[in-house]
Q: 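Provided herewith is a single structure, encoded as structure tokens, for subsequent inquiry.
Just so you know, ligand 1 is whichever comes first in the structure, and atom 1 is the first atom listed for that ligand.
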Amino acid sequence: MVRKSVEMIHLEAVEIAKCYLGNEFKMVEILGRMHATRGFRDYSKKSLKRYAIECLNLSENVAETMITIVRKSIEVPQLKAAFSRGEIDISKTRRLASVVTRDNCADWIEFARTATLAELDRKIAGSRPFFDVKEVKIVRAKNRIERRFGVSTDLDKRLDRAQDLVSQKLRRPASFEATAEEMVEVFLNRHDPVRKAARAFSRRGGAGVKDGKPVARRVFEDAGENIPAEVIHEVNLRDGGQCTYVEDNGHRCQERRWLDFHHIIPVHRGGPHTAENLTTVCKAHHQLIHHNKN
Ligand SMILES: [Zn+2]
Ligand SMILES: [Zn+2]
């Protein structure tokens with residue numbers, strides 16, 4: 001039993017929805033014309049998206065959705081046609097834009113008409129041989145970050161296995177975060193040269209690190225010979241496994257990958273393998289230093 005007062009609201013809502021959906025399509029249409037003429041450039045926008053956001057005040061999400069449909073509809077006009085007839089809504093149309101071609105569009109549109117959005121997503125995912133998930137980090141709170149990345153089904157299985165083992169160890173269901181925490185600790189303890197250095201120093205005196213012996217693997221392009229492990233540990237600990245190069249603006253280089261050790265006084269000029277004569281630099285800065293010297 002619909003109350004009289006509610007029925008008024010309902011009828012008005014139906015009216016507004018009709019306009020709203022009609023306008024959604026008109027918006028896609030007009031963006032299509034702006035795209036075809038590259039008219040956004042006349043308004044000093046580098047892209048249709050910038051134009052839609054900055055000149056039309058569309059939200060980024062809406063702009064992206066509509067422009068995706070505009071672009072795909074050039075190749076597959078049937079997509080826009082189905083959208084204009086109201087057979088598929090804007091969300092489904094956007095999803096379909098990632099899979100339809102002139103040849104397969106009839107089947108896809110037919111499926112999308114009656115499927116839920118979730119069903120459509122599943123079917124689209126199943127039809128893809130590969131999807132390159134972009135790796136992103138989004139700051140969600142002062143000290144919480146959302147990290148997104150894609151994994152193969154094979155890696156996914158191994159991650160599940162690790163999660164099982166961590167749950168077993170903690171005697172409660174481990175979150176993926178707790179699992180990553182365990183995994184990364186094991187990895188860092190084994191491979192982080194800064195941690196290794198800290199360990200070597202904390203057990204100093206024993207542990208077989210003696211002047212000059214044992215020696216570490218040579219990874220330094222300008223080292224004439226091997227550098228004692230003890231010295232490497234000292235440099236790693238001091239420099240924190242980060243490039244020490246300071247830019248003109250006074251900022252220290254943030255690079256923690258592709259690191260070399262650089263001899264301040266070159267070995268061929270008698271520079272010793274001591275911590276004082278060694279510094280951690282990234283590949284790019286290492287090349288720069290040697291370039292400037294020559
Ligand atoms: Zn060097
Ligand atoms: Zn650097």
Q: Would you please indicate yes or no on a ring centroid separation below 6.0 angstrom for His263 and His273?
A: yes
Q: Counting backbone and side-chain atoms alike, is an N, O or S atom of His290 positioned under 2.8 Å from the Zn ion (ligand 1)?
A: yes
Q: Looking at His262, which of its N, O or S atoms is the nearest one to the Zn ion (ligand 1)?
A: ND1
Q: Ion pair present between Glu75 and Lys72, side-chain N to carboxylate O less than 4.0 angstrom?
A: yes
Q: Take the Zn ion (ligand 2) as the centre and count protein N, O or S atoms at distances under 2.8 Å.
A: 4
Q: Could you pull out the closest heavy-atom pair between Ile289 and Val281, with the gap in Å?
A: CD1-CG1, 3.8 Å
Q: Within this structure, what is the SG-CZ distance for the pair Cys282 and Arg257, rounded to the nearest 0.5 Å?
A: 12.5 Å
Q: Any chain of hydrophobic side-chain contacts (each under 4.5 Å) joining Leu56 to Val28?
A: yes
Q: If you look only at pairs with a residue in residues 175-185, which of them pass as a side chain to side chain donor-acceptor pair (under 3.5 Å), with sequence neighbours excluded?
A: Arg144-Glu177, Lys169-Glu182, Glu185-Arg195
Q: State plainly whether the residues Arg148 and Glu135 are in salt-bridge range, i.e. N to O under 4.0 Å.
A: no
